[in-house]
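In what follows, a single structure is set out as structure tokens and then discussed.
These numbers come from a predicted model, not from an experiment.
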Amino acid sequence: MIVCVAVVGHQNNPLYIQSFTEADDALKLHHIVHCSLDVVDERVNNPKKSGLTLNETFLGLLYPAENYKVYGYLTNTKVKFILVTTDLDVRDADVRNFFRRFHAAYVDAVSNPFHVPGKKITSRTFAERVSNIVKSFGFNSVG
């Protein structure tokens, strides 16, 4: 189950963070997302150590934390997508599909002429699309 998704700008400023839990662990999830940025920077700045190619956007499993697994994705414009899940046996194909759909929703949101680049994403349509993508996670749906 996905418990949190985040979009972080190229200067590590949070553009969108949404948690999908009933519990009051939003602060803990924000901390996990913040800590994952160090791992993303390490993988991007040392591609030989991490085994990434320069054109690879999917960063894979960043690190497991307590009861969570954290996955990362980096766009061409250095915007980072972070996914936090409680599933311990997540397939890479499902995560890649999630990030592909999430990236498409992000592109649509920032292509809005009223969106100011670098500012928080406040679009209700984007939030609804993200919620639908999260609900369909793991069901191999195409959208």
Minimum side-chain heavy-atom gap Val3-Leu29 below 4.5 Å: yes
Under 3.5 Å donor-acceptor, Asp87 side chain and Asp89 backbone: no
In the structure I gave you, are the side-chain heavy atoms of His10 and Thr75 within less than 4.5 Å of one another anywhere? no
Say you draw a straight line from CG of Asn76 to OG1 of Thr57; how long is it, rounded to the nearest 0.5 Å? 7.0 Å
Phe102 and side-chain contact (heavy atoms from CB on, under 4.5 Å): which single residue from Val7, Leu83, Asn97 fits? Val7
Any chance you could measure Ile17, atom CD1, to Ile121, atom CD1, to the nearest 0.5 Å? 11.0 Å
Test side-chain contact (heavy atoms from CB on, under 4.5 Å) applied to Arg43 and Val39, Asp41, Asn45, Asn46, the passing residue: Val39
d(Ile2 CD1, Phe20 CZ) to nearest 0.5 Å is 7.5 Å
Please check this pair: side chain of Thr86 against backbone of Tyr68, looking for a donor-acceptor N/O pair closer than 3.5 Å. no
Val107 and His103: CA distance, side-chain angles, deciding distance, side chain to side chain contact (heavy atoms under 4.5 Å, CB included) verdict: CA-CA 6 Å; Val107 168; His103 192 180; 3.6 Å; yes
Do Tyr73 and Phe58 make the cut of ring centroids closer than 6.0 angstrom? no
Decide yes or no for Ile82 and Val5: does some side-chain heavy atom of the first lie under 4.5 Å from some side-chain heavy atom of the second? no
His34 atom NE2, neighbour heavy-atom count above 12 within 6.0 Å: no
So which atom in Cys35 and which in Tyr63 form the shortest heavy-atom distance, rounded to 0.1 Å? CB-OH, 3.6 Å
Identify the heavy atoms of Leu15 and Gly118 that sit nearest to each other, and give their distance. CD2-O, 3.5 Å
Min side-chain heavy-atom separation His115-Ser123 under 4.5 Å: no
From Thr77 OG1 over to Lys80 NZ, what is the distance, rounded to the nearest 0.5 angstrom? 9.5 Å
Please enumerate all residues that pass side-chain hydrogen bond (donor to acceptor under 3.5 Å, both in side chains) together with Thr21, with sequence neighbours excluded. Asp25
Working to the nearest 0.5 Å, report the span between OG of Ser19 and CD1 of Ile32. 11.5 Å
Which distance, rounded to the nearest 0.5 Å, do you find between the OG of Ser131 and the CD of Gln18? 7.5 Å
Heavy-atom side-chain contact between Tyr71 and Val84 under 4.5 Å: no
Between Phe99 and Phe81, what is the ring plane arrangement, given parallel below 30°, perpendicular above 60°, and tilted in between? parallel
Non-hydrogen side-chain atoms of Thr122 and Tyr16 separated by less than 4.5 Å: no
Nearest non-hydrogen partners of Leu62 and Gly72, listed with the distance: CG-N, 3.7 Å
Kindly indicate whether the side chain of Phe137, heavy atoms from C-beta on, has any atom under 4.5 Å from the side chain of Val90. yes
